[in-house]
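Order of the sequence lines sets the chain letters (A, B, ...), proteins ahead of strands, with each chain counted from 1.
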Amino acid sequence: MKRLALEAGVFGRSTYLQYVALFQWANPQGYVAYKVLLPVTQILFFVELGVYATGRQNALYFALGNALQLTANAGIFGVIATVANERQYGTLPILLASPANRLITFLSRAVVNVIDGIATVVIGLAIVVVIYGLNLQHANLLLLALCVVVISLTTAGLGLMFGSIGLVMRDAIIIANIVYYVLLIICGINFPVSRLPGAVQVLAYALPLTRGVQAARDAAAGASLGQVGGLLAGELLVGLMWALGGYLLFRLLENWARRGGLQEAF
Amino acid sequence: MGTPGVAVTGLARAAFSAFRVSIRLRVISPWAYLNWLVFPVLFAAVGLYVLSSPGAASSHVVYGVLGGGLIGYWSVAYLEGGNGIQEERWNGTLEQIFATPTPLWVILLGKICGGLLFGLLAFLPTAAFAYVGFHAVLPALDGGRFVISLGVLTLSFFCIALTLTPLFALWRWAFSMLNGFELGVYVLCGFMFPVAVLAPWAQGVAGFLAPTWAVRALYASTLAEGPHNFATWWLATIGLSLAYLAGAYFLYALVERRARMSGQLALA
Amino acid sequence: MTTNPAIEARQLRKTYTTTRGVFRRERVERAALRGVDLKIAKGELFGLLGPNGAGKTTMVKIFTTLLLPASGTALVLGLDAVKDQWALRKRIGFVFGGERGLYWRLSGLDNLRYFADLYRVPPEVSRRRIPELLERLDLAGREKDRVELYSRGMKQRLHLARGLLNDPEVLFLDEPTIGLDPVGARELRVIVRELADAGKTVFLTTHYMFEADAICDRLAVIRDGVIVAEGTPSSIKTLVHDQGIVEFEVVGMPVERLAGLRSLPGVRSVAISEHELAQVVTVHCARPADVMTRLGVILDGIKLEKVSSREPTLEDAYVQLIGENPTNSEASP
Ligand SMILES: Nc1ncnc2c1ncn2[C@@H]1O[C@H](COP(=O)(O)OP(=O)(O)OP(=O)(O)O)[C@@H](O)[C@H]1O
Ligand SMILES: [Mg+2]
């Protein structure tokens, strides 16, 4: 019982920090800028680019892809901001010194960000519906919702990896910025993965989003769970792989720090 | 007191010194490389893939060759404007430079020139990427007009950075807004596709942005077909840029006055 | 001409207006200077003392053209700090204590060259002057290192070198020795004294009484935006000259016991300060001998050590001027 309370405490504190990170902008303008303006303009830019290149009839292809990619915004930057806050408030040593379950401590970093990711995609899709008249009449809406949840989970999984890297590298945010745009290029958001060179395709399938976005496109066209189940399972597996990698790195760094090698990081 | 000539050489030397320091600081900052090297190439990559989609017109590909460079150039220019004062504040040097006998705008002018020179570099990796990855070149390049258009564009970036600096110093939130709206600027200025594809009202808004016209001239100088009203486009950019400068003049006076009233130069 | 002061303040006032609160914006006015009059002669090394928030930095910033006064006049070298800012900036230098205010990623030399250009020092002059300053401030040999590798003392000396680039006639130093070790602080004091001896007017603010006592020609004490005393260090000490001082050490004495001391006739103030193991009690009084004879009665049963009576120091005068609780400048006089 006591043990459970402890875990809940750690979980709660971590969730609180993520919440703080989420609303760290001191003013409402900051929130508007990064949570509304940024998604809207990202969708607009790529849709108009796609329309110019391939014609108005393809607008929805670009709109849907970019709306879904927005989860990476919450998943990657959200988790990194959480770790930065742990550092700033000096709560990390407390977490590490506590006997709480390491895996729970670690995973709890992503909770708020997953929810935030889902919210961002919903905003993005709403924009697409309003501006470009995305027609969801034939769509399998429940399945599309499931896809959104899955993608939010998997991008947060990738984010957890960057959270661990962020413990040792102060400029991890730079790498995260790059990865964010790489996802935009190679995950089938703006053009099919098949057009990429072979090696890059392999990388694409090792990253979150690629399978999930494909599944979501199918769901929007009316596919059933049976038809996209494989894609979604693969997507979840990729996300889990990244989260696990992040966790292993986290434990490695923790041991390293214990032996006195990493004073500065924690 | 010295002669006006001495005063001008002194000011020019101060501006040049600021230019040199801005270059030096940029050479050792990882963020600078992100802005002129990495992001432009990433944008060029998406752009080139989308613009060379099956069925797309082959002339579209010039927007991929130059678009990434334009985006990088712009990012560096406006970040310079946005962070020009804030950066000094973080360093604690804002008070020091403010109290020198050199007006703030002269120092910022030097810093902005440093930023623009770095921003121009963005065209190198993006054009190289387009050539190596997509065998894309500029088929009907009119060298003279291209260079003039780029110069006019540079003038507009310069004026915008000089205007944004006091604006952002006065209203910090305006910087977050522009940051959030960054891709919207790419759309409205026609960096990667022509403004003509946009809704009429958006084209109207775009017309008030100085870079829009120079960018149009820049792309026209690489394409054989289409209207070629270079003189009009250049004049439009120059006129709008000068109008921005007039606004900047008042903003600088306001910043100087406010700073000396509130004593907030030191605050981080 | 020669009687013209180098620095002069006439009825100088400054009020800061700040807004508080995010949702219900509230304007708060804060008076930092409330009518300061001051005259500092050319070549003088003038010290301004005062508790935190008394208005020292505010005054320096007004004289250095960084801040506009609400009313009154600030003149430096006969130039108005508000209206003649451009002419004035060329002829003054200023240094704020602390490590910030330099480009840490550039070398010390690059920092100096940059500021020399901003101060519009002709290149032929700065080529000669920069090495001189480096030599004089003991930075020669390290000038090519990045500033982030400098010690605190070196950064402070680099600041001073920057402040001297335009060979200013008047130099403003706001707490220049803050955070320096005793040796570094002393070195800096020696340099500052030499500058004044060489004819520069120096306006210095500090929290260290012995520093002010040791190097300043003249002092003023500011409290809550008002000058409460002005004069040479020894004349300021005479403010408390009629007072004797009795000082002693005790261990673990309840503070209430001091009440008896305070009520003795002729006692002006009783201050207590904590030292490592003991408390040091300082009694300012008219007749130390009287207090000495009554000590044993009032503090019966308490072991007193190192009982002494002594001449007043500048610090005593300061404490007397500022009140027993010098950090509380908010309390109105
Ligand atoms: N930029 C500002 N905005 C609002 N109030 C300010 C500002 N700067 C100073 N003040 C207030 O003005 C008063 C005088 O401040 P000032 O910095 O001049 O004191 P000081 O004597 O230099 O103190 P210290 O010894 O701590 O350096 C203080 O009450 C301070 O809070
Ligand atoms: Mg101060």
Non-hydrogen side-chain atoms of [X] and [Y] separated by less than 4.5 Å:
| X | Y | answer |
| --- | --- | --- |
| A:Leu38 | B:Asn179 | no |
| B:Leu198 | A:Glu48 | yes |
| A:Leu44 | B:Leu183 | no |

Problem - Top contributor to chain B interface from A:Leu49, A:Ile186, A:Leu37, A:Asn177 [non-hydrogen pairs under 4.5 Å] - result: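 Among the listed options, the one with the most contacts to chain B is A:Leu49.
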Exercise for the section: Could you tell me which of A:Leu196, A:Leu184, A:Asn58 has the largest number of non-hydrogen atom pairs under 4.5 Å with chain B? Expected result: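 Most heavy-atom pairs within the cutoff with chain B belong to A:Leu196.
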Practice task
Just do the side-chain contact (heavy atoms from CB on, under 4.5 Å) check on B:Leu34 and A:Ile178 with the steps written out, would you?
Solution key: CA-CA 8 Å; B:Leu34 207 59; A:Ile178 296 172; 3.6 Å; yes
Handout entry: Which atoms of B:Phe39 approach chain A - backbone, side chain, both or neither, heavy atom under 4.5 Å
Key =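 Contact with chain A involves the side chain of B:Phe39 alone.
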Handout entry: Ring centers of A:Phe45, B:Phe193 separated by less than 6.0 Å
Key =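 Yes, the ring centres sit under 6.0 Å apart.
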Problem - residues 47-59 of chain B: residues contacting chain A (heavy atom under 4.5 Å, by number) - result: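 Residues in range: B:Gly47, B:Tyr49, B:Val50, B:Leu51, B:Ser52, B:Ser53, B:Pro54, B:Ala56.
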Handout entry: Other residues, nucleotides, ligands: >12 heavy atoms within 6.0 Å of A:Trp242 CH2
Key =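 No, the 6.0 Å shell around CH2 holds no more than 12 heavy atoms from other groups.
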Exercise for the section: Indicate the ring-plane relationship of A:Tyr52 and B:Tyr63, choosing parallel, tilted or perpendicular according to the 30° and 60° boundaries. Expected result: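 Perpendicular: the ring planes of A:Tyr52 and B:Tyr63 meet at over 60°.
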Handout entry: Interchain contact, A:Pro197 with chain B, by part (heavy-atom threshold 4.5 Å)
Key =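 Answer is both: backbone and side chain atoms of A:Pro197 are under 4.5 Å from chain B.
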Exercise for the section: Grab the two heavy atoms, one from B:Ser176 and one from A:Ala33, that are nearest each other, plus how far apart they are. Expected result: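 Where B:Ser176 meets A:Ala33 most closely, the heavy atoms are O-CB, 3.2 Å.
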Handout entry: Pair A:Phe46-B:Tyr186, ring pair (Phe, Tyr, Trp, His ring centres under 6.0 Å): steps then yes or no
Key = CA-CA 10 Å; A:Phe46 287 104; B:Tyr186 305 170; 9.2 Å; no
Problem - Leading residue by heavy atom contact count with chain A [cutoff under 4.5 Å; candidates B:Val187, B:Leu178, B:Leu42] - result: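 The residue among B:Val187, B:Leu178, B:Leu42 with the greatest pair count is B:Leu42.
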